[in-house]
Every structure is written in C-alpha cells, then in structure tokens.
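Before any comments, here is the structure.
In what follows, every chain begins at residue 1, and chains take the letters A, B, ... in the order their sequences are listed. Side-chain atoms are counted along with the backbone in the values below, which use heavy atoms only and exclude waters and symmetry mates. Just so we're clear, the structure is a prediction, and the values are computed from it rather than from any experiment.
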Amino acid sequence: MRDVILSVEHLTMKFVSPVGSLTVLDDINFTVGRRESVAIVGASGSGKSTLLALLAGLEIPSAGRCVLAGHDLGSLDEDGRARVRRAHVGFVFQQFHLLPAFTALENVMLPLELGGAADARARAAATLGEVGLAERLTHYPRQLSGGEQQRVALARAYCMRPDLLLADEPTGNLDERTAAQVIDLMFHLNRDAGTTLVLVTHDERLAQRCERRIRLHGGRLQDD
Amino acid sequence: MTEREAPPIAMGATAALAARLFRRDLRSAPCAIIVLAALVAVAAITAVGSFTDRVRLALEAQSSALLAADLALVSSEPIPATFAARATAAGIDTTELLSMRSVVSHADQLQLVELKAVTDGYPLRGELMIAEAMFAPGQPARGIPPRGEAWVEGRLLQRLGLAPGAEITIGDARFKASKLIVLEPDRAGSFFAIAPRVMLNLADIPATNLIAPGSRVQHGLLFAGARKPLAALREALVTGPHARWQTPGDARPEIRAAMTHAGQFLGLATLVATTLSGVAILLAARSFSRSRFDAIALLRTLGATRAQLALLLIGEFLLLGIVAATLGTVAGYGLQFGLASVLEDWTQAALPLPSWRPAVQGLVGGVVAVTGFALAPLLELRDVPPVRILRADVEPPRTRGASTFLYAALAIGLLAPWNSGDWQLTAWSLAGFAATLATLALAGSGLIAAVAALRPRVSVAWRAGFANIARRRRQSLWQIIALGLGVLALLLLGILRTDLLSQWRATLPPDAPDQFLINIQPDQVGPLQDFLDERGVTGTQFYPMYRARLLAIAGKAVNPDAYEDPRARRLADREFNLSSATALKDDNRVTAGTFWRGDAGPQFSVEVEIAKTLGIKLGDSLRFSIAEREVEARVTSLREVNWDTMQANFFVVAPPALLADQPATYITSFKLPPPDTALLSALVARFPSVTAIDVGALLTQIRGIMTRATGAVEFVFMFTLAAGLVVLFAALQATQAERLYDATIMKTLGASRLTIAQAIAAEFTALGVCAGLIGAAGAWLTGWLLATRVMRVDYGFQPWLFASGIAIGVTGIVGVGVFAIVRALRAPVATILRRI
C-alpha cells in the first residue's frame with residue numbers, strides 16, 4: 001500500500017439559500033495514495049468541482065474533514081491553508097487562470113517566489129522549456145493560444161514539483177488535438193516528478209488514462 | 001422574393017427598454033457611483049446657487065448700506081416732489097437729503113464744513129452711528145437730529161476747541177452740537193473730505209438762510225424697496241442733465257474688493273466640486289461601458305442598430321441624470337438652509353427664500369453633467385462587435401481620448417461660468433485643470449514605463465503590483481489622472497482655505513491701521529512721529545499730500561462735462577490728492593511702464609482704474625495746478641493698488657523732486673492700541689490742527705465680509721471633499737473585479753493575505769505617489785495662477801503641499817483599496833472563483 005497523501009472522511013457540503021438547502025456532496029469517503037492518478041468523473045452538477053475545491057482547501061466543508069499531506073485543512077485558517085497549498089499542491093484550471101499582467105515566465109515564477117525559492121527565474125524558465133514554451137517566456141497570456149496558456153498553467157503547477165496536482169477539466173477549453181497534447185504532457189510530468197494526480201473531468205478517455213476513477217452521482221460516491 | 005427590410009426604430013419600444021435597463025442597472029456599482037457623483041454635483045450647484053443668491057442679496061444689502069439706500073438720485077437742482085410721491089405709490093420708501101459746503105462759526109472761529117440736512121427715515125439702509133462723548137464708541141442713532149440740534153463729526157469740535165453740547169452757528173441759525181457722528185453709512189466713499197460733517201434736520205435749513213440763488217447745493221432723494229419696482233421707477237422718472245443716479249455699486253473700493261473675492265472663492269469651490277463629480281461620472285461610465293460589452297454584443301446579434309443602441313443608452317442615462325438631479329436638487333435645497341445659518345446676524349434684512357433658479361440650474365446641471373461626462377464611454381458601446389458573443393476577447397475600437405475630453409470640456413464649459421459667474425476665474429481654474437490633466441497623463445505614462453522597467457528587480461509582491469500597473473496601462477493612467485485631480489482639488493481647496501484666504505485676510509491684518517491722521521504740517525511730522533513712538537505706536541509712515549486740480553490730459557484741457565461716466569465727471573471736477581514717493585509701495589503693483597527708484601525726473605504714476613475712468617494712457621502728459629502753480633509731466637507707469645490693505649494710497653504719485661517746492665500736508669495711519677482713546681485725546685490736544693479719522697467701523701465691516709466668506713467657502717468645501725471621495729471610489733471600483741481576480745489566483749497558488757495586500761499596496765502606493773506629486777504640483781500652479789492673476793495676493797512655494805499631496809494620494813487609495821480587497825478575500829477562494 002502506498003503512503004496516503006489525501007484522505008477524505010465523511011465530507012459533506014451543503015449550500016444554504018433562501019429557498020432551502022442543497023446538498024452538493026453527501027458523506028464522501030476516500031483516500032488517494034502518493035503517485036496515484038485519480039479521475040473524479042460525473043455528470044454536470046454532480047459536485048465534481050466542489051469536491052476539488054474542498055480537496056485544495058479552497059472551500060470549507062459543511063461536515064467531515066479532508067487531510068492533505070498530514071494537515072487537517074478544516075483546522076487551518078485561510079493563510080494556513082494557503083501555506084499547505086504552497087508546499088504541496090499544484091493547480092490546473094479549465095480557464096487556465098493565468099495572471100494577465102504577468103508574462104509567461106512571471107506567471108510560472110509566482111508560486112516559486114511565494115515559496116521563497118532563490119532560483120525562481122531559472123527554474124521557471126527551465127520548466128517552460130520542458131513544456132515547449134522556451135520561446136514564449138516574455139509573452140503575456142493574451143498573446144498565447146489556449147493550448148499555450150494551458151501549458152504555462154501546467155508549468156506553473158509543476159515547477160514546484162508538488163506532491164499533489166489538482167486539475168479541473170484541464171482540457172475543457174481546448175480543441176481535441178491540443179487537448180491530447182496537454183494530457184500527454186500532464187501524464188509525462190506526473191511520472192517524471194512523481195506527483196499524485198487528481199483530476200476532475202467528464203472526458204471518459206482522459207478518465208481512462210488514470211489508475212482509478214471516482215464517480216460522483218447526485219453528490220454521493222459510486223464505486224467504479 | 002424581396003429582401004426583408006429592417007423595421008424602423010420604434011421610439012416607444014426603445015424608451016420602454018431603456019426604462020427597463022435603467023431599473024436593472026440602477027443597482028449596479030457603476031450606476032450607483034454615477035448617481036452618487038451627479039447627486040454631489042447637483043447638490044453643490046443647488047446649495048451653492050441658492051446660497052450665493054442669498055449671499056448676493058446680503059452683499060447688496062451691505063453695499064446698499066454704504067449708499068444709505070438701494071438707489072439714490074442726486075441733483076444740483078431741487079428734485080420734483082412728484083418723484084417721491086410716485087415712489088411711495090409704488091411701495092418704495094424715500095427720504096430727502098440736501099448737502100452743501102458751509103461754514104460753522106463759534107465765537108470768532110470759522111470752520112468749513114460739509115453740511116448735510118436729512119429728513120425722517122434717513123438712512124434707509126445701514127446705520128448712522130453716534131456717540132455722546134469724544135472718541136466714545138458709537139451707538140446706532142434712533143432717528144435724525146431733532147430741530148435745533150446738529151450732529152457733528154468730532155474733528156469739528158476739536159478744531160473749534162469745543163465739547164459736545166456746545167452751541168454753534170450755521171448761517172443765521174444757532175444749533176446745539178448735541179451728538180458726535182461716528183459712522184455715517186453713505187460717508188464711506190469720502191473719508192478724506194477735507195471738511196468735517198455737520199448733520200441737521202432738513203426742516204431747519206430755511207432758518208439758516210443758506211440757500212440763495214446760485215448756492216452750490218446738492219439735492220438728494222434716497223430710495224429703498226424691492227428690486228423690480230425700483231428698476232421700473234428708475235426707468236419711469238425723467239431726470240434732467242443736472243441729476244445722476246447712484247447705485248450700491250458705487251461702494252468704496254475696499255468693500256468692493258472684499259465682495260468680489262468672496263464671490264470668487266465660492267464660485268471656485270463649486271467649480272471644483274462639479275468638475276470632480278464629472279470625473280467620477282466619467283470613470284464610472286467607463287466601468288459601466290466595459291461591463292456591458294456582452295449585453296450589447298447580444299443586442300447587436302439580435303439586430304439592434306447603432307442608432308437604436310445610442311438611443312437606448314442615452315435614454316437610460318438621461319433617466320439616470322434626471323433621477324440623480326432630482327435627488328441632488330432636494331438635497332441641495334435642504335443643505336442650503338444649513339448655509340443660511342452662516343449668514344445669520346450678518347445682515348439684518350430677512351432674506352427671501354432662494355428663487356426657483358438654482359433648482360432649475362441644479363436639475364439641468366445634473367443632466368448635463370451625467371450625459372456630458374458619460375457620453376464618450378456610452379457611445380463606445382455602439383461599436384461593440386456582435387462577434388464578441390462568440391469571442392470574449394473582441395473589444396470595440398478604443399474611444400479616442402479627444403472625444404472624451406471634448407464632451408467633458410463641453411459639459412464643464414456649459415456648467416462652470418453658470419456656477420461661478422466669473423469667466424476669468426473659470427478660465428484660469430480650467431487652465432490649471434487642463435494643464436494638470438496633461439501633466440498627469442504624461443507623468444502617468446512615465447511612471448508606468450518606469451515601474452515596468454523595475455519589475456525584474458523587485459520582490460514578488462511588488463512585482464505583482466507593478467505588473468498590474470503596467471498591464472492595465474489605460475486604467476492605471478485613468479486612475480492616476482482621477483486620483484491626481486482629486487488630490488489637486490482637495491489641495492487647491494486646502495490652499496484656498498489655509499493660504500489664499502489667510503493671505504487675503506492678511507491684507508487686512510489685525511494691526512491694519514484704523515486711524516488716519518491728515519492735515520499734518522511738514523514741521524509737525526517729526527514731533528508727531530516722536531509722540532506716537534513714545535506711546536508705543538511704531539513704524540508709522542508719513543506721506544506728503546498735495547491738493548491739485550487736473551487741468552489737462554495729453555495736452556487736452558479736462559472738461560468734466562465731457563465725460564459720460566458720472567464717476568469720471570466727479571473725479572475730473574474735484575481736487576486730487578497727489579503724493580510723492582521714492583519707491584513703489586508694497587501694496588502697489590505696476591501693470592504698465594516702470595516705476596522709478598529714488599528721486600527721478602519729472603513723471604507721474606497713475607492708479608490703473610482711475611486712468612481707465614479718465615482716459616489716461618501710459619505716455620500721456622498730465623498737467624495739474626497745485627496752489628496756483630502748474631506742474632506737467634508724463635505718465636511713466638500705471639499701478640494697481642490693493643485697496644484691501646487699508647493703507648494710505650494715492651491715485652497719482654510723482655517723484656519728490658517734481659513736487660518739492662509745492663505746499664504739502666502729510667497723512668499717516670496707525671492702529672490704535674484698543675481702547676486707547678486717551679491717546680487720541682492727547683494727540684488732538686498736542687496737535688490741534690491735525691485731523692484724526694477713525695475707520696475702525698469700516699474695518700469691522702470688511703472683516704465681517706471676510707469671515708462670512710471664509711465660513712461659506714468651508715461649507716462648500718464639504719461638497720468638494722464628497723466629490724473627491726466619489727472620484728476615488730469610482731477609480732477603485734473600475735478595477736476592483738480585476739484586482740479581486742488576480743488576488744484570488746495568487747491565493748490559490750498559496751499566497752498569504754499579507755503578500756496579496758503587499759502586492760496591492762505596492763500598486764496603489766506607486767499610483768498614489770505619482771498622482772499625489774502631480775496633483776500637488778497642479779494645485780500649486782493653479783493656486784499661484786489664481787493668487788497672482790485673479791486675486792492679486794502674494795503666493796510662495798509650499799513644501800507642505802507636496803508632502804500632503806503624496807500623503808493624501810497614498811493613504812486615500814491604499815487605505816480604501818487594500819481594505820476593500822482584503823475584505824473581499826475573506827470569502828473562500830472557490831466562492832470568488834465561481835463569482836468571477
């Protein structure tokens with residue numbers, strides 16, 4: 001049995017609105033081992049993205065807990081959770097979420113600098129080279145294509161050699177060919193860096209490339 | 001098959017859609033800011049409009065006091081009795097006057113006096129102040145001198161060596177000099193008349209037998225009443241060539257200057273508030289425009305034409321303007337009642353409620369401001385390409401800055417003179433604003449380039465901040481401009497309040513002379529100086545005074561009747577007081593030519609206003625007769641005199657040599673250490689031929705105007721402050737969403753809130769420093785222009801200005817901005833990401 005990097009216990013998420021309360025996630029339990037690759041799949045509105053947000057400590061569950069690299073996220077404050085993310089987590093989003101004011105290089109340098117790396121510039125440049133963007137260092141996100149932007153996002157995530165990479169529909173905004181390239185790159189980096197990969201997708205082909213799939217249906221877990 | 005044509009624009013449907021959009025948009029942040037900004041502008045216009053309406057009335061009341069009436073008719077011929085009867089019929093009060101030069105005798109002494117006979121009701125405006133004893137403070141007179149009594153100026157009794165209550169003879173009648181005249185409202189214009197005043201009851205005049213055919217008598221009829229009937233009466237009464245009308249405008253120059261300045265301060269404060277609100281509207285409209293790209297792209301996809309969109313948007317903003325203007329008018333009306341309390345006890349006359357005019361001004365002003373400032377960003381929306389519905393990165397072509405400024409300048413141009421009522425002040429202020437705007441844009445671009453260059457060398461938080469400035473180049477520029485203008489306006493008002501106002505008040509310092517001594521013989525100058533020095537009155541200056549009559553200008557004999565202007569006629573007719581000087585006085589400024597230094601050759605320097613009135617130009621020769629001798633020389637300089645200072649000043653000055661052998665008396669002025677009336681008594685006893693004139697009451701009047709004006713400006717300052725805050729808010733709101741997005745991404749990547757706050761603080765600090773510096777420079781420049789070109793007061797370098805500018809810029813934007821973002825960041829990241 002591999003070491004557990006992520007453990008989810010009785011995770012429940014309810015949104016309370018004036019018209020009533022909506023249970024998005026209902027008593028979810030699972031663990032993810034180091035270097036494992038897991039796909040969270042399910043139909044739209046099944047709670048996939050909410051689960052991912054909870055795993056990263058971007059949101060606080062209504063009940064249950066989520067332990068990431070030994071840290072119970074629920075017991076930490078905002079800045080504490082930010083520190084855990086900085087130390088252990090990389091992100092890739094469907095909308096890329098690059099900082100528009102930063103060049104590709106600066107975007108990749110950002111997490112390195114936040115972590116206090118002395119050689120941020122060199123490492124960022126090297127990682128951009130690994131994703132094939134050595135010629136695009138000084139370009140701004142608006143000057144890059146969707147695929148290139150997602151590769152910058154991947155470089156930003158991998159330059160930290162994170163223990164856990166969380167990806168939310170990483171190919172959702174890309175055409176099929178570009179999506180395939182980005183997926184290859186992601187699994188390649190995952191192998192090389194020894195990263196754990198948890199991705200949310202409704203793309204079955206992508207899900208099949210993962211070692212394990214967690215299916216969500218109506219906010220509850222269904223074993224694959 | 002025929003091609004289907006687009007249906008014509010249905011105005012009704014467009015209006016309904018505009019109304020629906022308006023209802024929905026009203027809740028959005030940019031629209032709320034627009035309404036808020038317009039509300040501030042309209043409230044300022046309305047409140048200040050109503051207030052200045054009242055101030056004007058109060059000032060008119062004060063200047064009426066200086067005429068003792070709202071209107072006066074003076075004539076060398078008796079005024080027909082029908083005039084007074086017609087006035088009474090029109091509901092206008094009148095009172096009759098008669099004035100002439102005469103001689104008062106006591107025992108074997110004779111004294112030339114200015115005789116004035118009055119009837120019941122005098123003065124119709126202002127107050128006659130009288131006293132029981134020499135140098136005692138005056139009390140308001142109840143009524144006029146009773147039959148058989150004369151009220152006289154103290155100096156008459158001084159000269160005759162009498163005490164109050166003594167008997168004097170005027171013509172064939174005897175009078176008891178029962179009271180002393182301390183302040184006569186309509187005497188203000190002629191303090192330095194050589195002869196003292198004696199006031200009688202008009203009914204006593206026949207007994208004096210003074211009036212005979214050929215006597216030089218001036219008849220007067222004073223009027224007081226509402227403005228319209230007065231104007232109608234003035235039109236209706238046919239007066240002969242011997243008669244002339246006098247209006248409150250003929251008040252003495254010191255008071256006129258004070259009133260003009262008061263009006264300028266108020267006008268400027270309103271102008272600043274309106275312009276700032278306009279900037280806020282402009283910023284918010286830009287932000288509104290950006291937030292509507294998608295909706296407009298959708299409307300275009302659905303077939304809306306550009307004309308329809310223009311109608312739709314302008315309609316929506318007209319509604320917005322009307323709502324804001326209505327709210328602002330109501331608020332302004334409410335607030336001006338607060339202003340009215342500033343006026344209390346200033347004027348005894350009850351002020352009428354403000355007219356409908358300020359309300360209309362406010363309403364129209366609000367709509368003009370909203371549409372004028374918002375027009376360019378709104379029209380930009382017409383050009384949103386429909387393809388944006390598919391490709392979010394497609395934006396309309398950029399609005400040209402020129403059209404934005406054109407519409408905004410048009411709006412200010414429409415509003416400003418209407419508000420300030422002063423073209424010159426408006427022009428200079430707008431010039432200051434425009435120069436600042438250009439400088440802000442230039443310096444802003446410089447700063448953006450500079451921070452972009454600094455990026456690789458700073459830590460991550462600072463880089464994030466600097467990168468944001470560089471990336472949002474246009475918005476950053478706008479923020480620098482908006483914040484810079486805000487800083488400029490606030491500092492300018494600060495300068496006005498602390499600096500220009502105090503400079504202005506300093507022209508009338510607490511130690512401004514309130515006593516004038518005239519008729520000082522040359523051999524008395526030394527002893528009198530010693531006398532004053534011994535009693536602690538130091539630093540007095542003695543100026544020689546030569547009584548002269550102007551005979552010719554540029555070789556042409558002066559004929560008083562040739563002047564159309566009654567003032568010019570009066571001036572040409574009377575004796576001038578010439579003086580000599582070796583240097584230009586501090587409160588004088590040369591406007592043309594050069595003033596001599598030391599004892600120069602024959603020449604004259606003439607006060608610019610009197611030169612204009614009499615038609616004297618630089619280079620003209622002037623011929624005066626002084627005690628039967630004639631003196632002629634050229635005018636080598638024209639001077640502007642700051643009458644506010646209350647120092648002795650002269651219309652015409654010559655180098656000492658030119659007037660050296662002419663008979664002179666001296667004049668001096670000093671501040672009486674209060675309440676040292678014993679000094680005056682001792683002075684008069686020691687130098688009986690010297691005449692003392694007390695202008696303390698006049699000083700109090702001028703100080704009153706200055707104090708009220710300061711209070712009023714401070715009140716108006718509140719609007720400017722509010723407008724400045726709205727600008728700051730608008731500038732921040734415009735980029736709030738983007739900042740929040742950036743901060744959220746950083747947070748997701750593990751940045752602490754401190755790091756994020758540092759990044760935003762870095763951005764805001766850089767923006768704040770730049771805007772603060774440039775705003776301060778602009779405020780200084782505008783203040784300098786206003787001081788030197790409009791208000792004519794001294795103005796030096798102000799280091800505090802720059803420190804305050806940076807402090808306001810940085811604390812304002814950093815404080816508000818960082819607080820807003822950090823507060824927003826308390827929400828979980830996922831929630832914010834979903835919102836974005």
Open item on the list: To check you understand the geometry: which heavy-atom pair defines the closest contact between A:L58 and B:T748, and what is its length?
Closed with: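 Nearest pair, atom of A:L58 first, then B:T748: CD2-CG2, 4.0 Å.
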Task: Shortest non-hydrogen contact between A:A82 and B:K747, atoms and distance - done: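 Smallest interatomic distance, heavy atoms only, reads CB-O, 4.4 Å.
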Open item on the list: Heavy-atom pairs under 4.5 Å with chain B: which of A:T103, A:L110, A:L112, A:V84 has the most?
Closed with: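 So the answer, after comparing A:T103, A:L110, A:L112, A:V84, is A:L110.
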TODO: Against chain B, work out which of A:R83, A:Q95, A:E106 has the most heavy-atom pairs shorter than 4.5 Å and name it.
DONE: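 Ranked by contacts with chain B, first place is A:E106.
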Task: chain A contact via B:S752 - which portion, at a heavy-atom distance below 4.5 Å - done: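 Contact with chain A: backbone and side chain both.
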- [ ] Select one option (side chain, backbone, both, neither) describing which atoms of A:M160 are under 4.5 Å from chain B's heavy atoms.
- [x]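 The answer is neither part of A:M160.
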Open item on the list: Tell me whether the count of non-hydrogen atoms from other residues, nucleotides or ligands lying under 6.0 Å of NE2 in A:H202 goes above 12.
Closed with: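 No, not enclosed.
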Open item on the list: Nearest 0.5 Å, please: how far is CD1 in B:I745 from CZ in A:F102?
Closed with: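 Going from CZ on A:F102 over to CD1 on B:I745, the span is 12.0 Å.
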TODO: Please lay out, stage by stage, how A:L99 and B:M746 fare under the test side chain to side chain contact (heavy atoms under 4.5 Å, CB included).
DONE: CA-CA 8 Å; A:L99 286 187; B:M746 287 180 71; 4.0 Å; yes
